[in-house]
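Read through the structure below, which is laid out as structure tokens, and then see the notes.
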There are 2 protein chains.
Amino acid sequence: MEIYKNEKRKRYLEDHSIAHLFSFPIVEFVEVREYKRDEWIIQEGMRPDFLFYVIEGKAKIYITHLNGKVSLINFINENEFVGEMELLNDVYYTKGIQATTKTVCFALPFHRCRAQLLEDVVFLRELTKFLSVKATKMAAKYSQTLAFPLENRFAEFILQTADEGVYKEKHITVCDFLGVSYRHLLHVLAQFCDKGYLQKEGRHYRIIKKSALVELAGMLRIE
Amino acid sequence: MEIYKNEKRKRYLEDHSIAHLFSFPIVEFVEVREYKRDEWIIQEGMRPDFLFYVIEGKAKIYITHLNGKVSLINFINENEFVGEMELLNDVYYTKGIQATTKTVCFALPFHRCRAQLLEDVVFLRELTKFLSVKATKMAAKYSQTLAFPLENRFAEFILQTADEGVYKEKHITVCDFLGVSYRHLLHVLAQFCDKGYLQKEGRHYRIIKKSALVELAGMLRIE
DNA sequence: TCAGAAATATGAGATATCTCATATTATTGT
DNA sequence: ACAATAATATGAGATATCTCATATTTCTGA
């Protein structure tokens, strides 16, 4: 992890102002940090001392279960908070946050900001919205997992993450995210290829029959 | 649904003050409502016009999927909000809320309160905490569902809902909540009886070997 | 550049869970 | 008090998903 200082720090703070998220001047408290790919921004079980706001990059939220299984609970993208649970709750089991790519974020130290943050209507309104979206998505994912087999959920995931019609995610990550075994994921993936929905190109998979995937994913749509 | 007026309304408002949740006088806006068991407080897909706060009783959050499956996403208890998602988000698919028992709640009309609520630091702080707990529990449930078979989750559910050592929930409700088929739930329940963890008494089940259930449920514990 | 680690692949058998069919009780409204 | 509805029960076969074992290929650090 690298902390940006002086010019570099200043540039980031100017280019990515977060002043609109607060009603008091926040800049002086902000530490600008860069995490490398695969680096842990927060370690599981270790309470962080900062509230983070992601400026650039992506990260993943992980939790490890007692039976050894690992769940990738969610992805974190730009303009999202990290560590807000610890800001709000004294008792909270801290999940692990790992940078997927190089990630730059603003870090606000709890000990200097907490009181002010919890009094700030602008910040609280932002956070409330953020949390409501988070809770809603989580509930949707949860109920979809219960109601549909992998086929449907995987189809949606492929459509969401495909880059110019090509799916390239790492299988292991996807298994953790969709909560299935490696073996089974590959099995369903092979089916998609057999049925002509996808075509393997080296390590990647080209979407051939998008409509079929759209139909499978469409089942998840709530409404 | 019955709306309490005059004396009855007044008594409820006095006995269950929610003044501490707001920094402005809220009483004049509050409608006191009673829903009967099984009545729908909010119908799925129909945006409500009120923010509810449950005073007495219990309710369930349901969502119906396109494949016809129904998920019981969560239970709602006393001193919890309902309809906060619709207060915060313009676009939101409204889930169905059904009273499990007779339920009394305070209803705040959006059109009269929304602006003030979203400016109120006390309310926002309460709501933020509520949502953070909600999101956290949802995430825990989600990842546990992916990581553990029914056996473990059902054991926990039995321990949580048992009344003086006797489990009495309706199977159908539990299936919707744990996201498994009726058949499979009964199957695991029969196993618990075979193994001597539970003993059937008419329609109910007495917990005989609590330690075994505790061990199964303990696997879910994160940490 | 080479060895170890990570990621990809595939097979085979086990288990968890689902679907459907069908009976037998409770519960409830009129 | 009775018919309709809801809830409980159980069997049997199908499917989704898991575990474990084992190869091969790619990536990465010293």
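In what follows, chains carry the letters A, B, and so on, assigned in the order in which the sequence lines appear, proteins first and then strands, with residues in each chain numbered from 1.
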* What string of B, S and - do you get for nucleotides 23-30 of chain C, 5' to 3', when a contact is any protein heavy atom under 4.0 Å? -> ---S----

* Nucleic acid footprint by protein, nucleotides 14-23 of chain D - heavy-atom cut-off 4.0 Å, B for base, S for sugar-phosphate alone -> --SBBB----

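Rounding to the nearest 0.5 Å places OG of Ser143(B) at 8.5 Å from CZ of Phe148(B). Atoms CG and NZ, from Leu213(B) and Lys210(B) in turn, are 9.0 Å apart once rounded to the nearest 0.5 Å. In this structure, CG in Asn89(B) is found 9.5 Å from CD in Glu84(B), a value given to the nearest 0.5 Å. From Thr173(B), atom OG1 reaches atom CG of Leu178(B) across 10.5 Å, with rounding to the nearest 0.5 Å. Atom OH of Tyr142(A) and atom CG of Leu146(B) lie 10.0 Å apart (nearest 0.5 Å).
Note on residues 150-165 of chain B: pairs passing side-chain hydrogen bond (donor to acceptor under 3.5 Å, both in side chains), not counting sequence neighbours, are Glu151(B)-Lys195(B). Sorted by first then second residue, the salt bridge (Lys or Arg N to Asp or Glu O under 4.0 Å) pairs that include residues 45-56 of chain A, not counting sequence neighbours, number zero.
In this structure, the CG atom of Leu189(A) is 14 Å from the C1' atom of dA7(C), given to the nearest Å. The distance between atom NE2 of His204(A) and atom P of dA9(C), rounded to the nearest whole Å, is 10 Å. Here the P atom of nucleotide dT24(D) and the CG atom of Leu186(A) are 17 Å apart, to the nearest Å. Distance Glu169(B) CD to dT8(D) P: 10 Å, rounded to the nearest Å.
Using a 4.0 Å heavy-atom cutoff across all strands shown, Phe154(A) reaches no nucleic acid atom at all.
For Tyr92(A), the side-chain hydrogen bond (donor to acceptor under 3.5 Å, both in side chains) test picks out Lys95(A), with sequence neighbours left out.
Comment: Arg33(B) does not engage Glu39(B) in a salt bridge, judged by the lack of any side-chain N to carboxylate O separation of less than 4.0 angstrom.
Contact between the side-chain N/O atoms of Lys170(B) and the OP1/OP2 oxygens of dA6(D) is not found at any separation under 4.0 Å.
Residue Tyr182(B) is tested with Val180(B), Leu185(B), Leu186(B) for a side-chain contact (heavy atoms from CB on, under 4.5 Å); the sole match is Leu186(B).
Pairing each heavy atom of Tyr197(B) with each of Ala212(B), the nearest pair is CE2-CB, 3.4 Å.
When the local axes at the two ends of the helix from dT1(C)-dA30(D) to dT30(C)-dA1(D) are compared, using 5 base pairs at each end, they differ in direction by 60° after rounding to 10°.
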